[in-house]
Amino acid sequence: MARPPSYGRSMIYEPVPTYLANGFADARVRAAMDVAIQVRTNPPPNVCQRQVLRMNPKSSKTECVFADGTAILVSNFLASFIRTGDELLFPVELEAADAGTQIYIRNTNPQERRRDVFQAEIGYATQPRKDKRDNLFVAAEVRGSCLGISAINLRCEALRDYFYVGNRRSAWDRQPSFYELLRVNPGVSPAELRLAFKLRILELRTAHAPTGDLRALERAFNTLAQPELRTCYDALRNDPASPVLFPCGGFGSLLVAGDLSRDGKTFYASRILSFRPEQNFKQLQAPVRKITFYKDHAIYLDSRHRIEVLFDQASLPLSWDSSWNQWKHLLGAKVGVKAPFIQSGKYQHRAGAWYLMKWETALSSRLEVALPSNIAEQVTEARRLHHRFGEFAEALDQIRARLESVPIERGDLQKLCSRLGMPGDFDVALITWKPDYDPFFYKQLCRRARRLYLFRSEYIFDLERAVIVETPQLGHATYLFSKPPSMSEFLAIYSKVAREDILRNRNNVAERLGFLGRLIHGLKPRGWLKELKARLGETADYAEISD
């Protein structure tokens, strides 16, 4: 298998495509590029090419009137880059150019030293690499490509001077550092960084500081709060020519100034004028068992909904450390999370190939976390259970070995644990519980079961009308069987076969067990519950199962 690409949270190194390796435009090749653009006198049928006659301001929008009498509305910000005589390329039937609408603004006045301007929605942005002239750049995918431009190449200097500075109107060597803006030292911890940010924001708001100062402070914090962006920024402070990462790997509306390649497929950007990331506000409950704890930060990853949240000790005030990873699966608590989520990208390896998956990452500066009122009690109980697991590790290993070959009813397990000296209040269901098990499936079936059996990593529920075998984990399924005349005979048969035997009905085993089918654990657990109720003949409680 080929070596997998190395990537951070949302970036990846990859071979340089031919059309991206032509190098950046400079003044010496500007004339040749102008000739290439003039070839567009006959644009594709879905593209309009118009010359600007005049600009009419209209409150929050500006009307762009063309020489042929037609007009479109553009934002006042975009209008600031359009001059009379400029040539615009945009999709047919466009009435208003909003953020992300593909539009190309070409300067037709040879006496003006203005670069062309291009606006588009971009997707994934690669990690920095070098062109043939050893210039570092990042390639961003143009989504839709209705004007024929499929990629935007951004100089690393342009990324640096837009994303990694406090004042975008000053040169890099005259920039105050992000640490100076937040009034912290470069060795500050993530928790101290957040506290400093909150204090500085309060000071600026009290002083009625300009909006630009507040945005610069927020940009500084969001950069330093992300470990890989902080590493990138620290490298730039030591060497301004260092490679630069595109935050979150792109995904948003990008407005840039630069030049078009000779073949019209790549826009070489020398300056970023504006970037608006794709953003959605979300409110969710994050199970603590799905949070990975490190020394100074923690990460919540929900692969089902492709959501990522980065915590520090100040945003998640639980006095945690990396040892929590040993027993967090025993903690049923959930933390409330509210934040704007920015689109990002991750590569996943499946079937011998790498695929780009869109994720959403919480914006650190706007993150709000709510803890359960009894979180301290839950943490204490989980630690106590973990201590018991260690205290009776040898006895539990003996029980697990026995469960590999024969199902045991919960009451019998409790008696067995008692004979081994374990306390009577110990929940035997936790003996085979795994960190990535979802208690939702288990609890719903427990409420309906008359008896519960543990077998290997499964739970066998004896219900009034059916028998259900459950592995409460994403990616697995609930197996339903008709009510057997004898539960002991059912268990004797089931313990001797594999699930593949049941699915293929080898030796008529599915028929002998009364196999009714499977319920897949999909993206919406409450949808699973609705289907389970229907299979069991229960009346659906839509207030309970509504998603």
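Just so it is clear, the values below take in all heavy atoms, side chains as well, and ignore hydrogens, waters and symmetry mates.
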Self-check item: Minimum-distance pair of heavy atoms, taken over all atoms of S405 and S495
Solution: O-CB, 4.2 Å

Exercise. Check whether the side chains of E470 and H521 place a donor and an acceptor atom closer than 3.5 Å, and report yes or no.
Key: yes

Self-check item: Minimum heavy-atom distance A151-V142, with the two atoms named
Solution: N-CG2, 3.7 Å

Quiz prompt | Salt-bridge criterion met for D438 and K290 (N-O under 4.0 Å) | solution = no

Quiz prompt | Separation of Q102 CD from E121 CD (nearest 0.5 Å) | solution = 9.0 Å

Quiz item: Do any N or O atoms from the side chain of R129 and from the backbone of A139 form a donor-acceptor pair under 3.5 angstrom?
Solution: no

Quiz item: Do you know which two heavy atoms are closest between A449 and F461, and how far apart they sit?
Solution: CB-CD2, 3.7 Å

Self-check item: Non-hydrogen atoms of A362 and L367 that approach each other most closely
Solution: CB-CD1, 4.5 Å

Exercise. State whether the number of non-hydrogen atoms from other residues, nucleotides or ligands found under 6.0 Å of E500 atom CD is greater than 12.
Key: yes

Self-check item: Distance-only donor-acceptor check, side chains E192 and S189, under 3.5 Å
Solution: yes

Quiz item: Do H305 and L284 pass the side chain to side chain contact (heavy atoms under 4.5 Å, CB included) test, and can you show the C-alpha distance, the side-chain angles, and the key distance before you say yes or no?
Solution: CA-CA 11 Å; H305 297 98; L284 55 96; over 6 Å; no

Exercise. Return yes if some donor-acceptor pair links the side-chain N/O of Q313 with the main-chain N/O of P190 below 3.5 Å, else return no.
Key: no

Exercise. Hey, could you give me the CG/CG distance between L532 and L445, rounded to the nearest 0.5 Å?
Key: 6.0 Å

Practice problem: State, with a plain yes or no, whether a side-chain heavy atom of L491 is found less than 4.5 Å away from one of P484. | Solution: no

Quiz item: In terms of side-chain geometry, is the basic nitrogen of R535 or E531 positioned less than 4.0 Å from the acidic oxygen of its partner?
Solution: yes

Quiz prompt | Sole candidate of L229, T231, T223 that passes side chain to side chain contact (heavy atoms under 4.5 Å, CB included) when paired with L245 | solution = L229

Quiz item: Shortest non-hydrogen contact from I493 to L513?
Solution: CG2-CD2, 3.6 Å

Quiz item: Does N505 reach the main-chain N or O of V509 with its side chain, forming a donor-acceptor pair under 3.5 Å?
Solution: yes

Quiz item: Between K483 and D462, does at least one N-O distance fall below 4.0 Å, as a salt bridge requires?
Solution: yes

Quiz item: Can we call the ring centroids of Y164 and F178 under 6.0 Å apart?
Solution: no

Quiz item: Does the pair V337 and K282 meet the rule for a side chain to side chain contact (heavy atoms under 4.5 Å, CB included), with working shown?
Solution: CA-CA 8 Å; V337 173; K282 290 183 180 295; over 6 Å; no

Practice problem: Give, for atom CG of L154 and atom OH of Y162, the distance between the pair rounded to the nearest 0.5 Å. | Solution: 11.5 Å

Quiz item: When you measure from the side chain of S274 to the backbone N and O of L255, does any donor-acceptor pair fall under 3.5 Å?
Solution: no

Self-check item: Full working for side chain to side chain contact (heavy atoms under 4.5 Å, CB included) between W327 and L385
Solution: CA-CA 8 Å; W327 50 266; L385 284 174; over 6 Å; no

Quiz item: Would a line drawn from the ring center of Y494 to the ring center of Y453 be shorter than 6.0 Å?
Solution: no

Quiz item: Any side-chain heavy-atom pair from I431 and C417 closer than 4.5 angstrom?
Solution: yes

Quiz prompt | Test item: E394 and D397 side chains (from C-beta on) under 4.5 Å apart, heavy atoms | solution = no

Practice problem: Take F441 and Q473 through the test side chain to side chain contact (heavy atoms under 4.5 Å, CB included) and record every step on the way to the result. | Solution: CA-CA 8 Å; F441 304 102; Q473 184 180 20; over 6 Å; no

Quiz prompt | Pairwise side-chain contact, R456 with T432, heavy-atom cut-off 4.5 Å (strictly under) | solution = no

Quiz prompt | Residue that, paired with W324, satisfies ring-ring contact (aromatic ring centres under 6.0 Å, His included) out of Y294, F311, F293 | solution = F293

Self-check item: Heavy atoms of other groups near R402 CZ, more than 12 under 6.0 Å
Solution: no

Self-check item: V309 vs F341 side-chain heavy atoms within contact, under 4.5 Å
Solution: yes

Practice problem: Verify whether one side chain among R448 and Q444 offers a donor that lies under 3.5 Å from an acceptor in the other. | Solution: yes

Exercise. Compare every heavy atom of A314 with every heavy atom of R194, then report the nearest pair and how far apart it is.
Key: CD-CB, 3.8 Å

Exercise. With rounding to the nearest 0.5 Å, note down the distance linking CZ in F251 to CZ in F246.
Key: 10.0 Å

Quiz item: Angle class for the Y442/W433 ring planes (parallel below 30°, perpendicular above 60°, tilted otherwise)?
Solution: perpendicular

Practice problem: Decide yes or no for V138 and V244: does some side-chain heavy atom of the first lie under 4.5 Å from some side-chain heavy atom of the second? | Solution: no

Quiz prompt | Residue R384 excluded, over 12 heavy atoms near CZ under 6.0 Å | solution = yes

Quiz prompt | pair Q119-S75: side-chain heavy atoms closer than 4.5 Å | solution = no

Practice problem: Find the distance between CG (D321) and CG (D296) and round it off to the nearest 0.5 Å. | Solution: 12.0 Å

Exercise. Check the surroundings of atom NZ in K358: do more than 12 heavy atoms from other residues, nucleotides or ligands lie under 6.0 Å from it?
Key: yes

Quiz item: Could you state the interatomic distance from CZ (F221) to CZ (R366), rounded to the nearest 0.5 Å?
Solution: 11.5 Å

Self-check item: Student check: side-chain heavy atoms of M487 and I460 closer than 4.5 Å
Solution: yes

Quiz item: Salt-bridged, R388 to E391, with N to O below 4.0 Å?
Solution: no

Quiz prompt | Heavy-atom neighbours of R276 CZ exceed 12 at 6.0 Å | solution = no

Quiz item: Short question: side chain of D501, backbone of A498 - any donor-acceptor pair under 3.5 Å?
Solution: yes

Quiz item: For residues N153 and T266, is any side-chain donor paired with an opposing acceptor at under 3.5 Å?
Solution: no

Practice problem: Over 60° means perpendicular and under 30° means parallel, so classify the ring planes of F481 and Y479, tilted if in between. | Solution: parallel

Quiz item: For N507, does the CG atom have more than 12 heavy-atom neighbours from other residues, nucleotides or ligands under 6.0 Å away?
Solution: no

